[in-house]
Amino acid sequence: MPMEKTFDAASAEPRIYAAWETAGAFRAGANASKPETFTIMIPPPNVTGSLHVGHAFNNTLQDILTRWKRMQGYDVLWQPGTDHAGIATQLVVERKLAEKGNDSRAEMGREKFLKKVWEWKAESGGNIRNQLKRLGASCDWDREAFTMDPNFHDAVIKVFVDMYDKGLIYRGKRLVNWDPHFETAISDLEVENVETPGHMWHFKYPLAGGATYTYVEKDQDGDVLFTEERDYIAIATTRPETMLGDGAIAVHPSDERYAAIVGQLCEIPVGPKEHRRLIPIITDDYPDPTFGSGAVKITGAHDFNDYAVAQRNKIPMYSLLDTKGAMRADGRPYGEEAASAQRIAQGAEDFDEAKIAAMNLVPDAYRGLDRFDARKAVVADITAEGLAVMVPVTDPRLGKPIKAPLAPEEGGEARDDTLVPLVEPKPIMQPFGDRSKVVIEPMLTDQWFVDTAKIVGPALDAVRNGDVRIMPESGEKVFYHWLENIEPWCISRRLWWGHQLPVWYGPAIADDGEPDFGNPKHFCGASFAAVKNLAEAYYSGKFQIEELDFEKAKAWQAKFFESYNRKAQSAGKALVSDDDIKASKLFELEKIAGQNTILRLGRDPDVLDTWFSSGLWPIGTLGWPNWDDSTQKYFPTSVLITGQDILFFWVARMMMMQQAVVGENPFHTVYLHQLVRDEKGEKMSKTRGNVIDPLDIVDEYGADALRFTMAQMAALGGVLKLSEDRIKGYRNFGTKLWNAARFAEMNGATHSDGAIPTPTATVNKWIIGETAKVRAEVDTALETYRFNDAANALYAFVWGKVCDWYVEFSKPLLLDGTDTEKHETQRTMAWVIDQCLILLHPIMPFITEELWATLGDHPKPLIHTDWPTYGDELVDVAAMAEMTWTISLIDGIRSARAQMNVPAGLKIPVLMLDADDSARTTLASNEALVMRLARLVSISPAQTPPKGSVTIPTAGATFALPLADIIDVAAEKARLGKALDKLGKEIGGLNGRLNNPKFAASAPEDIVAEARANLALRADEAAQLTAALERLAEID
RNA sequence: GGGUCGUUAGCUCAGUUGGUAGAGCGUUUCGUUUACACCGAAAAUGUCGGCGGUUCGAGCCCGUCACGACCCACCA
């Protein structure tokens, strides 16, 4: 049965993939013939996600390398798996619960909610795997990993504990983006900044003790605008309600206006007068003297910039809001709190961060107010007290005047200098929760951190000294820039889905092993040595700390608190009661409390940042810390292929973490690619509606077409614009290959035994040499991650060499040749087509595997066929030169025919003039090819061409088409003239260079020789054309 | 504002140590010659963003300007 005219990807691809899987073709070590390993870790997609073009691109590149190395006989592992993706997955499940009208997460409780998430994971977790299979990804699915697999979890916990023990992880306060609607911290990525109309108020902070200074305002030229005595410093703010938490006023050190009062105290003009706090005026580089009044209130707990200033200058940070975004209502009465704060600020009381954080400096009148209501109240109160900055109603900063002056006829005083409070209308970039749509609040909370400064060194060194190479190189600069300025890494997330922190809170344990509630502290899992002395049995094992034995715990806590309460009583301290337990919100052991027992010990409810666990992806998937030779041999991995966007999130952290844990770099090369865009270069997004679903492409054009397109676009550093026309073009390329194979099959050119043929015919020698050249090109390209070079080289070879020329050249030999010619051509063609399949397989695995099976009884499937190593030894220089000449002759005749409008169907004679020996013998051995492809009836030698012929110059001979009846002499003259012009320019340039003595003196010899040779060729050609022109002139 | 990258044919992009510019698509003309119309043959198109410098020679190196993209920080 003859082959179909096209490859039916839709039906063949699933069949072929299934056959590979059944044969275990993707397993680690499959087809390995040498001990060297080659490992790629898949960047784990979100477990509940689905495949988008970025994945398709990323995984195509990985699969190309994987298949290539596997064919080369390396011990290959492509490790697949998925990431639990804390935030994304939790949000998806919450949304689904809401849609179905289920209880909310809070109503459901942690345990039940997590069960739901696991159910969702079971339901949708396989999607992306199946989608990757449609692409042809040859991952070792038997080893598929998940970042919350039990063994992976153990590894994550162990790393946390070890790093805590080494002092690399600590707990501290930090400002986070807080969503008052969901009452949770959210990541920067979940914050949308939207420009919103807002206001900026200007208020006076009176100087302490009625102090005054001379305020001088100058213009840009330094000329004095005005001078006045002031007993206050003016500040501008968009958030008046946070004034209650101010810790200082900052001015720029160079700001002369305030130089006199730096170091003095001023009063926050809000709240009951008898308890107003005094705060210092300090200098910092942050304030911009040209903006607002030049003085900035520093509210460390409620603004990210202020936070940095407060940290630098040791300014206390007072939290004013509760988790819902309302003014705090807890704590002692305002008067006591304010007094205590004042004592701390003046050094009369210890600077105790915990105490400061607990302090509630919201005046009683504002407590419980929503933040926006509180803002109105604060503004009204300050204004009423006369502490707003007043300006004439015509002040340009006011935008529209707030109060229009009454006109005289209206009975008012039409005075332009009517004073009103200065409230500038001002657009502000306001952060909103992308899901809740409420204004995000910076909140000071307890978080866990990795002290990145301590572990960043080896990662930086690895790139600096070349142990890890980042491609493209620009990635290295970005890498340095970030790592050299690295911030502590906040690794705790107020989520439930993820690796819960292995941290319990409880009383401190004194040296004598007795509890000390005076200074409660947290315990990290493995640091429980002290705790363990008190209750050996409390934890069943170092890494199974989640599995609390409640019976033993109960026994322990009874003893523990008996001891504590005894001590507390004698010290006159309060005893621990059941109420204490409930108030502490330490839920882990509340069930025990419910049994009327007490244990003041609870687990931190937060989970680890997803990147903390995915940062351990390389060792975690390979079974660390319990890995053995069968897995450890794949570490360090070979190359990481990932998107540029997660260089910091993931790549850098993997490097730091692997170094911190096992002291090695996780890979030696990082290949960063761009995001895939649509054909206009815009980011694909659902709202834009320009999303291309890779599976739709696979359905329509086949996976191979998509893969080839991806490879072809994968130039280092470029932007990737995906267009359907392009994909279609490469689908056509597959069809072209298919039909070349079909031709071979129809002509008995199949069943190559793999041995390199040793033919006698020039065309056959030539194509073998071309094959050897492209093999080398492909290898070089893949070795240097130039996927586009590999794809383009193969495209040019298969279409431009094999199909356009070799198949055509083979026809006379196959159809009219001698038996010997026919057989050697069949053998050669069978071999060449096989080589095409082998070399194309990494990029187009399906169609090549299908053809491989169609064209012979190969001992192994293509996926496991040996990658060739032949090279220049197969290049026959003489055959190359001969075919190059022949092709240029055919091109010349075809071109002349077309330009002279010779009908394509008309076969014409050709005359050969002035031929040298080389041209004559070359023509003789390829005459049949030329006649067929140039559509000639004859090629005969001649002394002089007949009048009115078309001239074709070649090296070593001039050819002429005697077409006196057909050709247009003027057109031929024009054609020759144009060619001569072009040659003239080239010759001029070459002469210019060669005649320049400095060129000969400084250019390398081969360049000079090449220029000389070129000049000779061009001159010869020009001479032929000139002669032809002269002959044409005779006609007139 | 800080950083990174880009500007090459109508479009999308290659162009690896400086040696005198290419591909695909599109366009135009011709064509069904027994692998393929998802095809074949032929053709046209570039002061390589501007200016200056280094060099015998610059798309490539240096400086500068313009425009654009992206990342980070965003103005109390």
Side-chain angles (χ1 to χ4, degrees), chain A residues 2-3 5-7 188 193 200 235-239 242 250 286-288 290-299 303-306 309 426 428-429 472 474-475 477-478 481-482 485 644-645 647-648 674-675 679-681 683 701 705 712-713 715-723 725-726 728-747 780-781 784 786 788-789 792 795-796 800 803-804 807-808 811 815 891 894-899 901-905 907 932-933 935 986 989-990 992-993 996-1004 1006-1008 1010-1011:
Chain A
M3 287 170 63
K5 284 191 177 182
T6 55
F7 172 57
D188 294 352
N193 285 301
M200 193 159 72
I235 61 94
T237 178
T238 56
R239 302 213 46 194
T242 65
Y286 166 61
D288 174 358
T290 66
F291 188 82
S293 67
V296 187
K297 70 190 204 61
I298 300 302
T299 320
D303 181 279
F304 285 99
N305 286 312
D306 292 5
V309 177
K426 183 173 157 40
I428 45 181
M429 289 298 277
S474 60
K477 289 186 195 167
V478 180
H481 187 252
W482 191 66
N485 301 290
Q644 218 172 41
D645 50 332
L647 177 63
F648 308 140
Q674 293 270 0
L675 295 177
E679 53 198 326
K680 290 183 205 134
K683 240 173 162 169
Y701 300 104
Q712 202 281 145
M713 291 193 312
L716 239 22
V719 174
L720 306 165
K721 296 181 191 168
L722 191 60
S723 92
D725 280 345
R726 202 168 257 238
K728 198 166 157 188
Y730 293 119
R731 186 272 320 267
N732 295 352
F733 172 66
T735 306
K736 190 75 180 171
L737 171 73
W738 181 267
N739 279 289
R742 185 164 176 265
F743 174 83
E745 198 262 350
M746 288 167 68
N747 287 281
T780 305
T784 50
R786 294 174 173 273
N788 57 323
D789 282 358
N792 287 333
Y795 187 97
C803 294
D804 286 351
V807 168
E808 296 305 327
K811 285 175 182 172
L815 300 173
D891 275 342
R894 280 175 170 174
S895 176
R897 286 179 60 123
Q899 287 181 63
N901 292 318
V902 177
K907 294 197 171 187
R932 185 185 175 91
L933 296 186
R935 305 195 63 72
E986 287 184 53
L990 288 165
R993 272 201 279 165
N996 182 340
K998 283 185 181 169
F999 173 68
S1002 23
D1006 53 328
I1007 296 292
V1008 178
E1010 194 187 312

Output the distance between atom CG (A:Asp789) and atom OG1 (A:Thr784), rounded to the nearest 0.5 Å. 6.5 Å

When you compare [N] with [M], how far apart are their [atom1] atoms, in angstrom units rounded to a whole number?
N: B:U45; M: B:U29; atom1: C1'; answer: 16 Å
N: B:U28; M: B:U33; atom1: P; answer: 24 Å
N: B:A14; M: B:A76; atom1: P; answer: 40 Å
N: B:C5; M: B:C38; atom1: C1'; answer: 37 Å
N: B:G63; M: B:U54; atom1: C1'; answer: 11 Å
N: B:A69; M: B:G46; atom1: P; answer: 29 Å
N: B:G53; M: B:G18; atom1: C1'; answer: 15 Å
N: B:G6; M: B:A43; atom1: P; answer: 35 Å

Is [X] reaching over with its side chain to a backbone N or O of [Y], donor-acceptor style, under 3.5 angstrom?
X: A:Arg894; Y: A:Leu933; answer: yes
X: A:Arg742; Y: A:Met3; answer: yes
X: A:Asn792; Y: A:Asn788; answer: yes
X: A:Arg897; Y: A:Arg935; answer: yes

Tabulate atom names and distances for all N/O pairs under 3.5 angstrom spanning the protein and nucleotides 56-58 of chain B.
residue, atom, partner, partner atom, Å
B:C56, O2', A:Asn996, ND2, 2.8

All stems with RNA chain B, defined as three or more consecutive Watson-Crick or G-U pairs under 3.5 Å: B:1-7 with B:66-72, B:10-13 with B:22-25, B:27-31 with B:39-43, B:49-53 with B:61-65

Heavy atoms only, 4.0 Å cut-off, all strands: where does [X] land among base, sugar-phosphate and nothing?
X: A:Asn305; answer: sugar-phosphate
X: A:Gly800; answer: nothing
X: A:Pro287; answer: base

Base contacts versus sugar-phosphate-only contacts with protein, heavy atoms under 4.0 Å: please encode nucleotides 27-42 of chain B as B, S and - from 5' to 3'. ------B-BB-BSSSS

Rounded to whole angstroms, how far apart are [atom1] on [X] and [atom2] on [N]?
X: A:Asn788; N: B:A14; atom1: CG; atom2: C1'; value: 7 Å
X: A:Asn792; N: B:G15; atom1: CG; atom2: C1'; value: 11 Å
X: A:Tyr286; N: B:G1; atom1: OH; atom2: C1'; value: 13 Å

Taken in chain and number order and not counting sequence neighbours, the residues that satisfy salt bridge (charged side-chain N to carboxylate O under 4.0 Å, His left out) with A:Lys736 are none

Test salt bridge (charged side-chain N to carboxylate O under 4.0 Å, His left out) applied to A:Glu808 - qualifying residues, sequence neighbours left out: A:Lys811

Those residues that, when tested against A:Tyr795, pass ring-ring contact (aromatic ring centres under 6.0 Å, His included) (two or more places apart): A:Tyr730, A:Phe733, A:Trp799

Please determine, by modelled atom types, if A:Lys297 and A:Thr242 share a side-chain donor-acceptor pair under 3.5 angstrom. yes

